[in-house]
Amino acid sequence: RMFASRLAFVAPRVHGALRVAHARPGRFVARGKHKSFTTTMGAIVVPPATVVPHREGETFNVKGLRLTDHFFTVPLDHFVQPSDDSSMDAPASRETITVFAREVIATSKASDPTFDKQKLPALLFLQGGPGFEAARPTETGGWLQEACKEFRVFLLDQRGTGRSAKISVDSLRREFGDDDQGKASYISHHRSDSIVADAECIRHTVLGADTKWTLLGQSFGGFCITRYLCASPNGVREALYTGGLPPLIRHPGNAALGTYGKLLERIKTQNVKYYKRFPGDVGSVRGIAEFLREKGPQQTPNGSRLSLRGLQALGFSNLGVSGGFERLHYLLETAWDVEGETLSYSFLKGVDDALAFDTNPLYAVAHESIYCNGGGEPSAWAAETALRGGGTYGFDTGLECDFGEKAPFYFTGEMVFPFMFDEISALRPLKNAANILATKTDWTVLYDADVLNENTVPVACASYTEDAFVDWDLANETAREILGARVWSTSEYMHSGIREDGAVVFSKLLAMVRGDDPMR
């Protein structure tokens, strides 16, 4: 097994993709001109990382930082192989996209006439999501300021976001018209395996094949790190996770259903805490719910419809993050124009803002696919299935609203439901594509726990005990699969710890991964 794994990881330039086997050592299969290792439980496909076309763009300063734009031309599908009758020396004919990364260096270093940025170690930041671009720095501060003391930092716009061939309703319509299958197929190339393949091409191009970089991943960015450790660990110097260990990686298929079952328990706890904090909102929310049940869905300023399910979904970005309880409470304060008769414009506009997918629809469409780890299972609207299953969650689905006289109306959390593609105006054009993705069964394998059991990359993880986005129990199961991983479990921060206290979190993890904060 070790021979097979290391051959795949350190092989120089090859054509086609390597399949890395772990369950059945030594089983070798030749397919046409392309050789691959296979396994009965599925295999991780590792495309060859190569130098790709690269253009350096604008360089400019913000307070304390010098920023340089980089553009890379990468394959849309890294995993397509040359046809059997093509030359082994000729690259496959592939459609390409442009991927953008912004290089960040402290101006205190960059302003030195003798400064050589190539001598600085590099750090790649992997953003949460899926479907969100990296932040745009306006000044130094937080984790970025701390990181720039040692590193030059690359902020990657993951494919489909920001300046990396951004996916929007309009871009999909221009490219595919009414071809929903084409849209779904295109979106399917935007998971962590493709993002990591992009990153490896960028590393080879900017740093060189022999130079490793440090990884920092927030939330979904941690899912990408886990893929990196499985597929291309030789490119990683050390890895830092903040609230982003993927769940149920040994589950050969759709881990989403089990994940959402656990997360609904976490969200229930957040609801209890919320109503304890703002007990007056029990009646306020019930009043809005009763109004919607009697009057029916209400149109919002951007053309969406607010139903009972939409009201319930207001917990989406408000439960489990710093300041979220306050935002939700202040939004509910604005509910009425005429109490019991008319919802206010301010409230309905706030609903639009809370459920705003118009700028980043990829987040909604691709959301559940990040849990599909081969196995021939679809995601199948797992959050909806978990919610309707009831269990001990205490959620009314919002369909009948038969809650007791004093029972609170529970909000859901970071979950995407089918009703959103009917009621949220920005998502309606993507309903068919979303349904196609929800029934897709031929997802590739993203993770291999057996590889992680043999990990040699130093790893440190911040795991938040009350995280409502990434279940703490499931996250720690995955951490135990990563040989040598150190976990800092804390209730001091919510899922957004890297934004709340980034310098402290980053410094703590870096000290842990390097042994400066020794095990106790």
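What you see is a predicted model, and the numbers here were worked out from it, not measured in a lab.
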Please tell me if the side chains of [X] and [Y] come closer than 4.5 Å, counting only heavy atoms from C-beta onward.
{"X": "D193", "Y": "F79", "answer": "yes"}
{"X": "F176", "Y": "Q181", "answer": "no"}
{"X": "R191", "Y": "C372", "answer": "yes"}

Tell me, please, which residues at least two apart from [X] pass side-chain hydrogen bond (donor to acceptor under 3.5 Å, both in side chains).
{"X": "Y186", "value": "none"}
{"X": "K349", "value": "D353"}
{"X": "N476", "value": "none"}
{"X": "N61", "value": "R66"}

Not counting sequence neighbours, which residues clear side chain to side chain contact (heavy atoms under 4.5 Å, CB included) with T478? List them please.
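If we apply the side chain to side chain contact (heavy atoms under 4.5 Å, CB included) test to T478, skipping adjacent residues, the hits are L245, P246, I249.
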
Considering residues at least two apart in sequence or located in another chain, which fulfil the side chain to side chain contact (heavy atoms under 4.5 Å, CB included) criterion with I370?
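Side chain to side chain contact (heavy atoms under 4.5 Å, CB included) list for I370, sorted by chain: P130, F220, F223.
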
Parallel under 30°, tilted from 30 to 60°, perpendicular over 60°: which one fits the rings of F71 and F100?
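Tilted.
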
Whether W336 and F291 hold their rings parallel, tilted or perpendicular, with breakpoints at 30° and 60°:
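Judged by the thresholds at 30° and 60°, the geometry between W336 and F291 is perpendicular.
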
Take V206 and F72 through the test side-chain contact (heavy atoms from CB on, under 4.5 Å) and record every step on the way to the result.
CA-CA 10 Å; V206 175; F72 305 87; 3.5 Å; yes

Heavy-atom count around [X] [atom1] within 6.0 Å, excluding the residue itself: above 12?
{"X": "D178", "atom1": "CG", "result": "no"}
{"X": "K295", "atom1": "NZ", "result": "no"}
{"X": "F60", "atom1": "CZ", "result": "yes"}

